[in-house]
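Just so it is clear, the values below take in all heavy atoms, side chains as well, and ignore hydrogens, waters and symmetry mates.
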Amino acid sequence: PDQPNISNLKLFPNPAVNQATLEVYLNSSEEIGIEIFDLLGKKYDFGTAQFRSGRNLKTLDLRSIDGGVYYLRLISRSSGNEGVRIVVRK
């Protein structure tokens, strides 16, 4: 079986205030979708980003999101979805 393309997904700082940095490793370059959901299922779309093979860092601007607990999801065509919980403080 093929290895998932996304691994070692981290988000820091967590809790975050106005921004957070997404760290993710990919086995091969790919365009990845980024979404954040609140606990009621409301989606905040952060678009897509081109990630390269290896370690990737991406800063996410969280100023438009209220304080609370969220779930960040990365959408990969090659290996499905990966996610992590994030707390946003205001």
Side-chain angles (χ1 to χ4, degrees):
D2 291 337
Q3 290 265 341
N5 194 29
I6 298 173
S7 63
N8 297 329
L9 171 60
K10 296 177 187 163
L11 199 62
F12 57 89
N14 195 0
V17 179
N18 292 322
Q19 69 180 28
T21 300
L22 171 66
E23 178 183 33
V24 63
Y25 289 79
L26 267 63
N27 292 330
S28 60
S29 297
E30 181 178 2
E31 187 174 58
I32 302 287
I34 303 169
E35 298 173 335
I36 293 180
F37 293 88
D38 68 17
L39 295 179
L40 299 176
K42 180 179 177 184
K43 180 172 82 169
Y44 299 84
D45 191 351
F46 281 77
T48 61
Q50 185 66 41
F51 290 99
R52 66 184 186 278
S53 176
R55 181 177 184 242
N56 293 270
L57 296 173
K58 175 158 180 61
T59 301
L60 302 176
D61 183 350
L62 302 174
R63 290 178 291 184
S64 65
I65 294 179
D66 293 332
V69 178
Y70 295 86
Y71 183 76
L72 178 134
R73 180 169 70 181
L74 297 184
I75 303 160
S76 163
R77 286 197 180 120
S78 68
S79 64
N81 303 332
E82 293 288 331
V84 65
R85 187 177 75 102
I86 178 173
V87 176
V88 177
R89 291 206 174 134
K90 296 293 176 174

Give a yes or no on whether Y70 and I75 share a hydrophobic cluster (residues Ile, Leu, Val, Met, Phe, Trp, Tyr; joining criterion: side-chain heavy atoms under 4.5 Å apart). no
Apply the side-chain contact (heavy atoms from CB on, under 4.5 Å) test between L60 and each candidate in L72, I65, I86, T21; give the one that qualifies. L72
Heavy-atom check, side chain of K58 versus side chain of I34, under 4.5 Å: yes
Would you mind reporting whether V87 and N14 have side-chain heavy atoms less than 4.5 Å apart? yes
Quick check against the 3.5 Å criterion: does E35 have a side-chain atom that pairs as donor or acceptor with the backbone of K43? no
When hydrophobic residues are tied together by side-chain contacts of less than 4.5 Å, even through go-betweens, does V84 share a cluster with Y25? no
L9 reachable from L62 in the ILVMFWY side-chain graph, under 4.5 Å edges: yes
Within the side chain of N5, is there an N or O that forms a donor-acceptor pair under 3.5 Å with the backbone of N27? yes
Are the side chain of S76 and the backbone of I32 linked by a donor-acceptor contact shorter than 3.5 Å? no
Is Y44 reachable from L22 through a run of I, L, V, M, F, W or Y residues, each pair having side-chain heavy atoms under 4.5 Å apart? yes
Can you confirm whether more than 12 heavy atoms, excluding those of K90, are under 6.0 Å from its NZ atom? yes
Shortest non-hydrogen pair, F12 vs E23, comes out as CE2-CB, 3.9 Å
